[in-house]
There are 2 protein chains.
Amino acid sequence: MNKKLDISSNINWFNQYSFFRTLDTDEQTFLIANSNKVNFDRREVLFKQNTRTSHVMFLQSGLVKIFKEGKSKKRLALKIVNPGNFIGLMSVFGDDIYQYSASAVEDSEIFMTDRSAFLNLIKKNGDFAMDIIHTLCKDGLFIFDKLMAQAYKHLPGRIANVLLYFSQDIYKSHVFEFQLTRKELAELCGTTKESFIRTINEFKNDKIINLNGRKVEIVSMNLVKILSDLG
Amino acid sequence: MNKKLDISSNINWFNQYSFFRTLDTDEQTFLIANSNKVNFDRREVLFKQNTRTSHVMFLQSGLVKIFKEGKSKKRLALKIVNPGNFIGLMSVFGDDIYQYSASAVEDSEIFMTDRSAFLNLIKKNGDFAMDIIHTLCKDGLFIFDKLMAQAYKHLPGRIANVLLYFSQDIYKSHVFEFQLTRKELAELCGTTKESFIRTINEFKNDKIINLNGRKVEIVSMNLVKILSDLG
DNA sequence: ATATTTAGGTGATTTAAATCATTTACTTGT
DNA sequence: ACAAGTAAATGATTTAAATCACCTAAATAT
């Protein structure tokens, strides 16, 4: 599950991700020397809320869910992480303890870097630091948007948000297949599975989407956007 | 309202704030040379959502409210900024456009730095960059907590949160005076003024707090914590 | 000084969504 | 192939909080 990294074979995939673009060859070599690649199976936990932070994780392939657990097994999913993005940066550099959990939604390859090595690169390379800062800001603004939606949008609006999120950010297609259960989707909308099912089936009955099990087709992107907008 | 800064008189207050601790004398001089001090009166707007970002703002004295405006004049207050903290960093480095507004809750002195000069310091001084990263992470985690509370805590729990927030983070006392109207306090709890008034008056009737206009005394900190915890 | 607006407060009513209960349809493991 | 567990779905009921309507008390403007 955990393997040492060979430098030459890794420099290549580095350059496809904008994050490592700012690192020079020495820095890339240093990063690789202080990292491992770890594979996680679907549903495996990457890290659990309330455990100590240790590594910076970068998703190479697969799909990862970020979620928070509260009292009486209530869960709220924050987002789904796409390949080419960091996982849990906010906790690693914000607290010694993870403030949320992460689990693999699909089989995933994670590039794990020692926290202190990553910190060295940030301190040494200002452009790299700025990329990280930009990402953290974007992430923060995303959460603020979710907070606003949670406070003021009704369920149809929040479900429309999530449909747009999957279609535009995750799968980049108007047809896709959820890799999450209804309960998990409900957690992403900040509601219960029953309410989620009822409301998304109304979308289906109103022919705004086609829904067959986990297969979705957005029939009227326009209506979904209007629903999201009106809240 | 806007005055040029004299270097020698400013180096002093710099050192009382941990943020500028990592800057050497040259960097401090550079920062001051690229900054102005601006005063805002109570209720004046520092920046408005959907306008272009331009400066990094640091609160020297006063109190500032960060809030987002949605459809049909719905507002959600994110937080109250204390002296010694940056205002709107997340938008300045996350987007060209402010994603939220800020207004002075009390008369406030703002130290404003040109975005590009601030960026230079981040790129040049890795420790400074790490401090900024740490702050952004903390801010992000704070919003995530609010999101969780908004999704799963009932109003009494969210009001208890806000009471703890004022008492522990803002005023650092169990007696304090709100500088906000009931409507603004409601916006900080993600509710309406009517619901806020009803619920906080229940706290008063149950002798958990004393409330007289805007004057608050937390009578049983323990009960407030329990209410916050149970949700 | 008086009018007008803004803030604080209360009661009655409605409403969105949670909760509870149960059924049916899939997966997953042995 | 079958049992057992998990996921999806739907109806009935309850509930927290929004909305609506109104009133009083301060604050601000003329």
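By convention in this document, chain letters (A, B, ...) are assigned in the order of the sequence lines, proteins followed by strands, and residues within each chain are numbered from 1. What you see is a predicted model; the values in this text were computed from it and never measured.
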Exam field: side chain Ser167(B) to backbone His174(B), donor-acceptor pair closer than 3.5 Å: no
Set of residues satisfying side chain to side chain donor-acceptor pair (under 3.5 Å) with respect to Asp95(A), sequence neighbours excluded: Gln99(A)
Side-chain donor/acceptor of Glu202(B) to backbone N/O of Thr199(B), under 3.5 Å: no
May I ask you to say whether Glu184(B) pairs ionically with Lys65(B), meaning some side-chain N is under 4.0 Å from a carboxylate O? yes
Test side-chain hydrogen bond (donor to acceptor under 3.5 Å, both in side chains) on Thr191(B) and Arg158(B) and set out the steps. CA-CA 9 Å; Thr191(B) 185; Arg158(B) 298 196 322 260; 4.7 Å; no
Phe93(A) and Val56(A), any side-chain heavy atoms less than 4.5 Å apart: yes
Tabulate below the donor-acceptor pairs under 3.5 Å that side-chain atoms of residues 212-221 of chain A make, not counting sequence neighbours, or state none.
{"unit_1": "Glu217(A)", "atom_1": "OE1", "unit_2": "Asn210(A)", "atom_2": "ND2", "d": "3.0"}
{"unit_1": "Ser220(A)", "atom_1": "OG", "unit_2": "Leu223(A)", "atom_2": "N", "d": "3.0"}

Touch check for Ile197(A), heavy atoms < 4.0 angstrom, all strands: base, sugar-phosphate only, or nothing? base
Report which part of the nucleic acid Thr191(A) touches: base, sugar-phosphate, or nothing (heavy-atom distance under 4.0 Å, all strands). sugar-phosphate
side-chain hydrogen bond (donor to acceptor under 3.5 Å, both in side chains) for Thr113(A) and Asn34(A)? Distances and angles first, verdict last. CA-CA 6 Å; Thr113(A) 309; Asn34(A) 287 282; over 6 Å; no
Does Phe86(B) reach the side chain of Leu59(B), with side-chain heavy atoms less than 4.5 Å apart? no
Just to be sure I understand the geometry, which residues of residues 200-218 of chain B put a non-hydrogen atom under 4.0 Å away from DNA chain C? Asn201(B), Arg214(B)
What is the 5' to 3' range of DNA chain D, first to last nucleotide, that sits under 4.0 Å from any heavy atom of chain A? dA7(D) to dA12(D)
Nucleotide N/O of nucleotides 19-23 of chain C paired with protein N/O under 3.5 Å:
{"unit_1": "dT19(C)", "atom_1": "O4", "unit_2": "Arg198(A)", "atom_2": "NH2", "d": "2.9"}
{"unit_1": "dC20(C)", "atom_1": "N4", "unit_2": "Glu194(A)", "atom_2": "OE2", "d": "3.4"}

Rounded to whole Å, CG of Leu180(B) lies from P of dA7(C) at a distance of 12 Å
Restricting both atoms to N or O, compile the protein contacts to nucleotides 26-30 of chain C shorter than 3.5 Å, with distance only.
none

Over 60° means perpendicular and under 30° means parallel, so tell me whether Phe58(A) and Phe20(A) are parallel, tilted or perpendicular. perpendicular
The test is side-chain hydrogen bond (donor to acceptor under 3.5 Å, both in side chains); show your working for Ser103(A) and Arg43(A) and say whether it passes. CA-CA 6 Å; Ser103(A) 68; Arg43(A) 286 181 203 167; over 6 Å; no
Evaluate Phe178(B) against Phe176(B) for ring-ring contact (aromatic ring centres under 6.0 Å, His included), listing each step before the verdict. CA-CA 7 Å; Phe178(B) 289 132; Phe176(B) 54 87; 5.5 Å; yes
If the test is ring pair (Phe, Tyr, Trp, His ring centres under 6.0 Å), which one of Phe142(A), Tyr98(A), Tyr100(A) qualifies with Phe144(B)? Tyr100(A)
